[in-house]
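Residue numbers start from 1 in every chain, and the chains themselves are labelled A, B, ... in the order their sequence lines are given, proteins ahead of strands. All figures in this text were calculated on a predicted structure; none of them were measured in a lab.
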Number of protein chains: 2
Amino acid sequence: MITIGRLADYAGVTVKAVRHYHERGLLPEPGRDSSGYRRYTAEDAVQLIKIRTLAQAGVPLARIKDLLDADPDALAAAVAEIDRDVRDRIAQLRHVRDQLAQLRGGDGLFVSPEVAAHLDDLRRLGVSERQIRLERDGWILMQTASPEDAALWIAEKRELIADPEFRALYLEHDAAYDWPPSDPRLPALADRTRRWFAAHHSRSETRPVHDPAVARLAARTQPGASSPAWDRLAQLMAG
Amino acid sequence: MITIGRLADYAGVTVKAVRHYHERGLLPEPGRDSSGYRRYTAEDAVQLIKIRTLAQAGVPLARIKDLLDADPDALAAAVAEIDRDVRDRIAQLRHVRDQLAQLRGGDGLFVSPEVAAHLDDLRRLGVSERQIRLERDGWILMQTASPEDAALWIAEKRELIADPEFRALYLEHDAAYDWPPSDPRLPALADRTRRWFAAHHSRSETRPVHDPAVARLAARTQPGASSPAWDRLAQLMAG
DNA sequence: GTCGAACCCTGCCCCTGGGGCAAGGTCAAG
DNA sequence: CTTGACCTTGCCCCAGGGGCAGGGTTCGAC
């Protein structure tokens, strides 16, 4: 005949938890001694350890209650299922660890692997972090709007970036962000860009070409997504 | 500019969770469009995925809030600690799987490994399941009362059970449970038992000898823990 | 142009698995 | 005879949302 505290210690749970299990009907209320204390038997300890084991496995108390007075076969089946569940949770936690590792570093947490690879390419080309963030955010918006289209576009874009002239234009647009709007290089850059688009447009047909301007458009709502020089550039190219 | 549903899908959380994060101040309330719908940017998606990752790692929302506007070094340190935590949880879940395996089978879940081994010995000797349950429950009560003493006693008991005469007596006591109280074998058994105890007592000194009667005593409150024959046996041995 | 499906809004109460604290009664040791 | 460690009931609190009510909106199809 042991007290609630000893029982709880033995099973590795708190006294409060034991009383909670009584309330939920998982553990029968035992008899009381002359001063009203609950007095437990070894049988209760066995039951309580079963409860603790299932509870630690994440089984809801209501289901534990059902399991405890199910027949042994049903319990064995349920335990097998619970075990599978725990195995899955372990796998999921491992995945969480991978994500935590990514949280420390790259953008892999926020965009698809292809886009992450693309951003790494840009970084290697020497593109500014500001521009890369703009690209990243643009891709996020595209992926939410239409993951399939975004997958096609990123493939196209990665081919495009293999073209040396496109790369040069991209880097110069990036650099132009900080220029004064009156900079004499702007009209030349606008002209060169237009010529490249014209030449390229004739070759690629069905889809609208995906270009930095689209990313800027998509991310337009962000603060700092444009600059006086870019605005001027857009004017020049439109005119 | 995306809606709450798209944002939630992209981050892999529910719409309800997003609103919950707004209430908790984890995610800033975005602007509304003309019909009062919340409109999100890519920035919000980045933030939300960070929140989701930390939340899946089991970090409390209040702490996530602090982490999100801590400096990068503090965040890195916190992430390292969280990762350790997740690693520990994985280890604990693996332990839970072991326990679940034991739930299917033996008594290892309820008593110390030594006692479990002892119960297996008894099973191998052909002791009845009724008696084994009685032993198990006795050991549980002893372990709750005093784990150190129980450890000493189980060591003694396992030595004792190596004695062929003790084994024979143990098995006969077990068999006697079902005898009628008038069975003529009972006085002889009582006598033999007393003689064994007398012979053994002189050798072992300091501690009271642990014997089946103690287990019966401890488990006395259990239903079916005794029988007419055992009661008669106790009388014979005491007188 | 209108209909239905699929969204969105706020607000409220509900759940699990206990923890914490109050305001007592009890027990064993020194 | 006190002191500290137990035990009792009862009540409110927490996270992290889920579910439902009772509305408004948008979008595509027909």
Side chain of [X], backbone of [Y]: donor and acceptor closer than 3.5 Å?
X: A:Tyr10; Y: B:Phe110; answer: yes
X: A:Asp44; Y: A:Thr41; answer: yes
X: A:Arg39; Y: A:Asp33; answer: no

Within the pair [X] and [N], is there a side-chain N or O less than 4.0 Å away from OP1 or OP2?
X: B:Arg32; N: C:dT10; result: yes
X: B:Ser35; N: C:dC8; result: no
X: B:Arg38; N: C:dC9; result: yes
X: B:Tyr21; N: D:dG17; result: yes

Between B:Ala55 and B:Ser34, which is nearer to the 5' end of DNA chain D once each is assigned its nearest nucleotide? B:Ala55
Could you tell me the separation between the [atom1] atom of [X] and the [atom2] atom of [N], rounded to a whole number of Å?
X: B:Glu23; N: C:dC12; atom1: CD; atom2: P; answer: 11 Å
X: B:Leu27; N: D:dG17; atom1: CG; atom2: P; answer: 13 Å
X: A:Arg6; N: D:dA5; atom1: CZ; atom2: P; answer: 15 Å
X: A:Tyr37; N: D:dC7; atom1: OH; atom2: C1'; answer: 4 Å
X: A:Arg39; N: D:dC7; atom1: CZ; atom2: C1'; answer: 9 Å
X: B:Ile2; N: D:dT26; atom1: CD1; atom2: C1'; answer: 17 Å
X: A:Asp33; N: D:dT8; atom1: CG; atom2: P; answer: 9 Å
X: B:Leu54; N: D:dA15; atom1: CG; atom2: P; answer: 17 Å

Closest listed nucleotide, where the reference is the side chain of B:Thr14 and the choices are D:dG17, D:dG18, D:dA15: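 Closest nucleotide among those given: D:dG18.
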Given C:dT16, D:dG16, C:dC9, identify the nucleotide with an atom nearest to the side chain of B:Ile4. C:dC9
Residues within residues 58-66 of chain A bordering DNA chain C, heavy-atom distance below 4.0 Å: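 Contacts with DNA chain C under 4.0 Å: A:Pro60, A:Leu61.
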Minimum heavy-atom distance between B:Leu26 and B:Gln47, given as atom pair plus value: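 For B:Leu26 and B:Gln47, the tightest heavy-atom pair comes out as O-NE2, 4.0 Å.
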Does B:Arg19 reach a base, just sugar-phosphate, or nothing at all? Heavy atoms under 4.0 Å. base
Taking everything shown except B:Arg104 itself, do over 12 heavy atoms lie less than 6.0 Å from its CZ?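 At most 12 heavy atoms, drawn from other residues, nucleotides or ligands, come within 6.0 Å of this atom.
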Assign the ring pair A:His118 / A:Trp139 to parallel, tilted or perpendicular, where the plane angle (0 to 90°) is split at 30° and 60°.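 The arrangement is perpendicular - the two ring planes meet at more than 60°.
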Could you label the plane-to-plane angle of the A:Trp230 and A:Tyr177 rings as parallel, tilted or perpendicular, counting under 30° as parallel and over 60° as perpendicular?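 Plane angle over 60°, so perpendicular.
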